[in-house]
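Chain naming here is simple, since letters A, B, ... match the order of the sequence lines and numbering starts at 1 in each. Hydrogens, waters and symmetry mates play no part in the numbers below; they use all other heavy atoms, side chains included.
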Amino acid sequence: MAKTISAPRGTRDLLPEETAAWSHVEAVARDLSRRYALERIEIPLFERVELFARGLGESSDAVEKEMFRVAGAKGSEEEAAPWALRPEPTAGIARAFIEHGMHVRPGPLRLTMIGPMFRYDRPQAGRYRQFVQWDVEVIGDAGPAVDAELIELGHRFYAEAGLRDVVARINSIGDSTCRPAYRDALIAYFSEHAGRLGPDSARRLHVNPLRVLDDKTLPDDLAAGAPRGIDHLCDACREHFDGLRGLLDALGVRYEVDHRLVRGLDYYTRTAFEYYVAGREGQQQALGGGGRYDGLIELLGGRPTPGIGFGLGLDRTILALEEAGWTPPAGQALVAVLGAGDDHGRRLAIAAELRATGIAVRPDGSTRKLGKQIESAAKAGAAWALIVGEDGALALRDLERGEQRDSVTLGEVRAAISG
RNA sequence: GUGGCCUUAGCUCAAUCGGCAGAGCAUCGGAUUGUGGCUCCGAAGGUUACGGGUUCAAGCCCCGUAGGCCACCCCA
């Protein structure tokens, strides 16, 4: 046998028995997209590295160590890999928004997509190099109402998918007015305790001091004593955050304020949020997250436009569903068409006629003995076997009950199956 | 990117001290002269992840590589 090839590290195949959960979760996302009046958008799987570097921030982990680079063909100008597979969709959507002059459309724009993202990270359960997100972005609305609407939407998604006890953690990290002062306050505080910071935090302290808060090796007393973002908000940000909390309370969304939540991407302003299953074990716990990015579009060369969005990890949602014991609903009744003779033309014609009326049909193309054909149909999950006799007569067998009706017409078959 | 544990048939796992690579499930076939599920019988399925080393002899000991998992890092 020739040498075999396995899937690339951090990727996986979804086999037929695993895809029911995916169909379910995707269907929930699509139906919510319709009910929340979101329009579908699609963007490339790869973009220029510069887009991510400018958009997400040079010091973000996604850019600093997880860029999944794409090289051009050998000898081409692009061989040096100026592209990377998208680690998240927001930068690409912002790029498309600017490139196509979408600011002239009646706003705010409400956009959605489902697709794979790529991060060159070391794989672990729930963490893959290729993973799928359901993404929602609302561009052109600065108010807290849309923040609340999206946080409620994410919460509803988990509930309708079948996950109980999902809680949203929210925080406000300020904007260009108040964040500089907060940064300075953090730098001043942590500089006093520089000796107690780990190497990553020491390096980040002056590049991106907010992310020091995210460091889980930070001693608890040091974290507790750190200046809190919400104490340094300017009046406008304060009002925005208070407004959001009031709206979430009114909607009855379950949330907690988490002062250490800062998010790993630099483009976020004001509202940041993540979803967790309350009390769930394991490390890859964040099911999804998002936030406001009021400066991103301007940063990428567009006119100043506010935006907010989230990305929900479908792989992790499904993992959590499986842990919670989710089982797929029964599929529609499947009919196997089989027979004693070798008149496959007749079997295919019958199958086509039933399919035209919406029935799922699995014809048996073999000349195996009838018992084997029935056994095979039952194992494939067929509820019914339509047996074409050598004399041409049809018999309908209920494979679950083991009952059989002889000399049936196709009309009677349709009635029996749909009834 | 760091550290640790693991890898034997499609799946779940055995294999005593280093001494002939096995079982259950699943698959295919037969018993059953064309009507499934139960039962019995049989077949097929392996370079023991890959590459080297030690040894008369390696699934087992040593080194390397790959992959998976766990804890970090971080996030989805």
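Taking the C1' atom of each, B:A14 and B:G46 are spaced 15 Å apart, rounded to whole Å. Taking atom C1' in both B:U55 and B:G18, the straight-line distance is 9 Å, to the nearest Å. Comparing the C1' positions of B:G51 and B:C69 gives a spacing of 23 Å, expressed to the nearest Å. Nucleotides B:G1 and B:A21 are separated by 40 Å at their C1' atoms, to the nearest Å. Look at the C1' atom in both B:C60 and B:G42: the space between them is 33 Å, to the nearest Å. The gap from the C1' atom of B:C6 to that of B:C50 amounts to 16 Å, rounded to the nearest Å. Across B:A49 and B:G34, the matching P atoms stand 47 Å from one another, rounded to whole Å. The P atoms of B:C38 and B:C28 are separated by 14 Å, rounded to the nearest whole Å.
If you check every strand for non-hydrogen atoms under 4.0 Å, A:Glu390 touches a base. Nucleic acid contact for A:Gly290: none, since no nucleic acid atom lies under 4.0 Å from a heavy atom of the residue. When heavy atoms are screened at a 4.0 angstrom cut-off, A:Asp61 is found touching the sugar-phosphate backbone but no base atom.
For the pair A:Leu261 CG and B:C74 P, the computed distance is 14 Å after rounding to whole Å. Rounded to whole Å, atom C1' of B:G67 lies 15 Å from atom CD1 of A:Ile5. When the P atom of B:C74 is taken as reference, atom CZ of A:Arg316 falls 14 Å away, rounded to whole Å. Between the CG atom of A:Asp342 and the P atom of B:G34 there is a distance of 14 Å, rounded to whole Å. Atom P of nucleotide B:G67 and atom CD of A:Gln130 are separated by 16 Å, given to the nearest angstrom. Atom CG of A:Leu56 and atom P of B:A76 are 11 Å apart (whole Å). Nucleotide B:G1 holds its P atom 17 Å from the CZ atom of A:Arg119, rounded to whole Å. Rounded to an integer number of Å, the gap from A:Arg129 CZ to B:C69 P is 12 Å.
A:Arg12 has no carboxylate O lying under 4.0 Å from a charged side-chain N of A:Glu18, or vice versa, which leaves the two without a salt bridge.
If you check the side chains of A:Tyr255 and A:Asp249, you find a donor sitting under 3.5 Å from an acceptor. Residues A:His240 and A:Asp147 bring a donor and an acceptor atom of their side chains to less than 3.5 Å of each other. With 3.5 Å as the limit, one finds no donor-acceptor pair spanning the side chains of A:Glu256 and A:Tyr276.
Closest-nucleotide positions on RNA chain B for A:Gln133 and A:Gly341 were compared, and the one nearer the 5' end corresponds to A:Gly341. For A:Lys65 and A:Thr11, each mapped to the nucleotide of RNA chain B holding its nearest heavy atom, the one lying further toward the 5' end belongs to A:Thr11.
A donor-acceptor pair under 3.5 Å is absent between the side-chain atoms of A:Arg368 and the main chain of A:Gln373, judged by distance alone. At least one donor-acceptor pair closer than 3.5 Å links the side chain of A:Glu412 to the backbone N or O of A:Thr409. Of the possible donor and acceptor atoms, one in the side chain of A:Glu88 sits under 3.5 Å from a partner among the backbone N and O of A:Thr90. Under the 3.5 Å distance criterion, the side-chain polar atoms of A:Asp315 are matched with a main-chain donor or acceptor of A:Val132. A donor-acceptor pair is defined here as one N or O able to donate and one able to accept, closer than 3.5 Å; no such pair exists between the side chain of A:Arg127 and the backbone of A:Asp121.
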Hey, what are the protein-to-nucleotides 35-37 of chain B N/O distances that come in under 3.5 Å?
unit_1	atom_1	unit_2	atom_2	d
B:U35	O2	A:Arg397	NH1	3.3
B:U35	O2	A:Gln404	OE1	3.0
B:U35	N3	A:Gln404	OE1	3.2
B:U35	N3	A:Gln404	NE2	3.0
B:U35	O4	A:Gln404	NE2	3.2
B:G36	N7	A:Arg397	NE	3.2
B:G36	N7	A:Arg397	NH2	3.0
B:G36	O6	A:Leu399	O	3.3
B:G36	O6	A:Gly402	N	3.4
B:G36	N1	A:Leu399	O	2.3
B:G36	N2	A:Leu399	O	3.0
B:G37	N1	A:Leu399	O	3.3
B:G37	N2	A:Leu399	O	3.3

Restricting to nitrogen or oxygen on both sides, can you table the protein-nucleotides 5-8 of chain B pairs closer than 3.5 Å?
none

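A:Arg368 has no side-chain polar atom (N or O) that falls below the 4.0 Å cut-off from OP1 or OP2 of B:G34.
Judged by atom type and distance alone, A:Arg127 reaches the base of B:C73 through a side-chain donor-acceptor pair under 3.5 Å.
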For RNA chain B, the dot-bracket notation using Watson-Crick and G-U wobble pairs below 3.5 Å, [ ] for pseudoknot-type crossings and | for other-strand pairs, is (((((((..((((.....[..)))).(((((.......))))).....(((((..]....))))))))))))....

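The shortest side-chain heavy-atom distance between A:Phe97 and A:Thr305 falls under the 4.5 Å cut-off. Residues A:Met113 and A:Glu137 are not in side-chain contact: their nearest non-hydrogen atoms beyond the backbone lie 4.5 Å or more apart.
Using a 30° and 60° split on the angle between ring planes, A:Phe310 and A:Phe273 fall in the perpendicular class, above 60°. Classification of the A:His155-A:Tyr275 ring pair by plane angle, with boundaries at 30° and 60°, yields tilted.
Side-chain proximity of A:Gln124 to the nucleotides B:A71, B:G67, B:C75 is greatest for B:A71.
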